[in-house]
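I have placed the structure first, in the form of structure tokens, so that the comments after it can refer back to it.
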2 protein chains.
Amino acid sequence: MEKNNEQLLDDRKVKILDAIIRNYLATGEPVGSRTISKYTDLNLSSATIRNEMADLEELGYIVQPHTSAGRIPSDKGYRFYVDHLMKEKDREVSEMKKFVIEKTQKMEQVLKSVAKMLATNTNYATMISAPTYHNKVKFIQLSSVSAHQILAVVVMNSNIVKNHMIDIEEELDNETLLKLNILLNSALNGLALQEINLATIARLKEQAGIHSQVVSDVMDALAQALSEQEDLQIYTSGATNILKYPELTTSDNATNLLSAFEEKDELISLVNETLAETSSETGIQVYIGNETPIQTMKDCSVVTATYELGDGVKGTIGIIGPKRMDYENVMDNLKTLRSQLDGILNKSKGS
Amino acid sequence: MEKNNEQLLDDRKVKILDAIIRNYLATGEPVGSRTISKYTDLNLSSATIRNEMADLEELGYIVQPHTSAGRIPSDKGYRFYVDHLMKEKDREVSEMKKFVIEKTQKMEQVLKSVAKMLATNTNYATMISAPTYHNKVKFIQLSSVSAHQILAVVVMNSNIVKNHMIDIEEELDNETLLKLNILLNSALNGLALQEINLATIARLKEQAGIHSQVVSDVMDALAQALSEQEDLQIYTSGATNILKYPELTTSDNATNLLSAFEEKDELISLVNETLAETSSETGIQVYIGNETPIQTMKDCSVVTATYELGDGVKGTIGIIGPKRMDYENVMDNLKTLRSQLDGILNKSKGS
DNA sequence: TGTTAGCACTCGTTGTTTTGGAGTGCTAAC
DNA sequence: GTTAGCACTCCAAAACAACGAGTGCTAACA
């Protein structure tokens, strides 16, 4: 925090800004010159601090809620803090791992408990998206369940299983079914879902050589089932933490935020956004106030992390809290989590 | 509302009580004697009303928030209202049906939109549980997906499909697999999941005649997969409606309620509770205040309805709001919904 | 005997005023 | 460049006043 490659900020100003923000993060109250005067080891009188603060305000790093109140950080101030001032903790990571791993059950369970743990750890609202497998077909099987129903099962590379029930008009004999199975497996194996389009299906029908209506129907149904977009699963926790922060409770702000957590579609676009913004080497992204892609969260800070499960499979974790959030703690949590999710989730694949 | 088989309530008191409650439901404000004096067609002076109100208070049907305030209904008052006073609307039901049916997609989608519609219709928080199929096995299939993986697919009577991936040590040849499939189907077909226990499996192993470790392993894994309790899916909507009612916002009440909606485990016990209480012929249950099985909701009213999908498959719908909820509207909604869910959901079976 | 007008009283709500104090900006002295 | 001092601002909390909706009670009335 000695360095300042930022415009015009001399060493002392940086120190003061740092002190202001830290103090505000801790108390949530506007901080005055006298406080800083004693807080720092700069040994400066409050009057001096006042002058510096006036400068910092002019530069846009802090603002006054009203005359005769202390200063609070602006978005720009927070940004500077996150980019330059914040210390990176390096704490031991064992506890977290243990907590999650203990009960490695289904993926869903794991994700839920990860979200929950993060929420209790940070006291903010959290979300985590299930990894999105853009995956290849590994195995397909059609089985005749009853006279008028065919069950199609598709296993993906990641061992995710999809099934789809197909209603048919007339019965399909076992022989044809077997033939179809072989055909499908040899034709579609290794293809990504996106690669299976109308053309592929048409060619398949051709190859099948059996020009009965039933076969055609089954193929179409299967194609449709495969093309169906699996919708992004999102798990949240601690949404009510939002109510703990008065600055988020004003107006119907809180309601909107809570709704967003219940409805989840805004969270989905958040996930898509962050996955698109191929974030820096750390994989962690901080949105302060208006920087956020989601309008509903413009009074919050949003910290997201993308995690990767080895084979290019990605997901997103998000923490939503007030702008005066404990960035250090949050980012620390996300960082360790990110490094562990790979191991944790791979153990519990298979939906 | 002419009849009063309730203790000591003469006709006039009933009318006054009715007026008080209706008024309070509409305004949310304590209602005074003067209001009632004009509201009803009884042509009584406020003084007379006051006397009657004093009586009603002594009998426990209404309470005063404080001296020199109007009266509001007590739990007992609400109960009386719901049991005897409330009119049953009979409105046309078409709109609701249309709205939901239009987009009959997957069950999950349908349930979500039902909850949403209810929430917007009533302005309360709503939940709906997915139907619980205590179901019989219709079809089982083991398939070899790769050298060390077997996929077990089980189709239930209701066309719900469960799949489970089984890791195996040594490869299983096709012939054995086929044999197993036949065996499993003939042995387990028609059995309810609960009927498949260790004994059944042991007997099956016996019958298989193949005493290889692999077969035994597969059987065990399958048994375990089958016995796994599918956890009750619950969809909610409009949880934030809770914040609209000041009487629920006091203290950390709202937080607890909202958390309940996020965490869902309390909702699950609510569902279990209501399913157990084999409710009356109408299938609708009203819990007022402390009557509710869920402590968190002791300041609310909870109205639940169980719906049935022909084949004994049941689910629960719940509406959670303030005690001064519009019971008529709520119950009306639930009633029509109940009568339609059967048709709606049967169209979109298959998870 | 039931009903009602009248009245004194209660008490929460709302609005106004007062006060205190935290914090500022500016000026003048060091 | 730093700081002590001072006048000034303005929010928050407390204190106060007025209002009015509503009550219970009593006494008169049909």
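In the text below, chain A, chain B and the rest are named by the order of the sequence lines, each starting its count at 1. Reckoned from all heavy atoms, side chains included, excluding hydrogens, waters and symmetry mates.
The structure places CD1 of A/I242 at 7.0 Å from CG of A/L248, a figure rounded to the nearest 0.5 Å.
Close to D/dC10, at under 4.0 Å from its OP1 or OP2, lies a side-chain N or O of A/T67.
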Could you list the donor-acceptor pairs under 3.5 angstrom formed by side chains in residues 64-73 of chain B, with sequence neighbours left out?
unit_1 : atom_1 : unit_2 : atom_2 : d
B/Q64  : NE2    : B/A69  : O      : 3.2
B/R71  : NE     : B/E57  : OE1    : 2.8
B/R71  : NH2    : B/E57  : OE1    : 2.9

Intra- and interstrand pairs of DNA chain C - dot-bracket, Watson-Crick/G-U under 3.5 Å, | marks other strand: ||||||||||||||||||||||||||||||
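In this structure, the CD1 atom of B/I72 is 16 Å from the C1' atom of D/dA21, given to the nearest Å. Residue B/H66 contributes atom NE2, which lies 10 Å from atom P of D/dG22 at whole-angstrom precision. Rounding to whole angstrom units, CE of residue A/M53 and P of D/dT3 are separated by 15 Å. Distance A/E52 CD to D/dT3 P: 11 Å, rounded to the nearest Å.
Position along DNA chain C of the nearest nucleotide to A/N51 versus B/N43 favours B/N43 as the more 5'-ward residue. Position along DNA chain C of the nearest nucleotide to A/V31 versus B/S45 favours B/S45 as the more 5'-ward residue. Summary of the strand contacts: B/R50 and A/S46 both lie near DNA chain D, and taking for each the nucleotide with the nearest heavy atom, the more 5' one is attributed to A/S46.
Residue A/T48 is classed as a base contact, given a heavy-atom separation below 4.0 Å to a base.
When DNA chain C is scanned 5' to 3' for any atom under 4.0 Å from a heavy atom of chain B, the first and last hits are C/dT3 to C/dG12.
Remark: the A/S259 side chain and the B/T240 side chain contain an N/O donor-acceptor pair separated by less than 3.5 Å.
For the pair A/K323 and A/E247, the salt-bridge criterion is not met [side-chain N within less than 4.0 Å of a carboxylate O]. Using a cutoff of 4.0 Å between basic side-chain nitrogens and carboxylate oxygens, A/E262 and B/K116 are not scored as salt-bridged. Residues A/K298 and A/E291 are not paired through a salt bridge, judged by the lack of any N-O separation under 4.0 Å between the basic side chain and the carboxylate. Using a cut-off of 4.0 Å between Lys/Arg side-chain N and Asp/Glu carboxylate O, A/K335 and A/D332 are scored as not salt-bridged.
Residue A/D299 is tested with A/T292, A/N253, A/N290 for a side-chain hydrogen bond (donor to acceptor under 3.5 Å, both in side chains); the sole match is A/N253.
Classified by interplanar angle (parallel below 30°, tilted 30° to 60°, perpendicular above 60°), the ring pair A/Y61/A/F80 is perpendicular.
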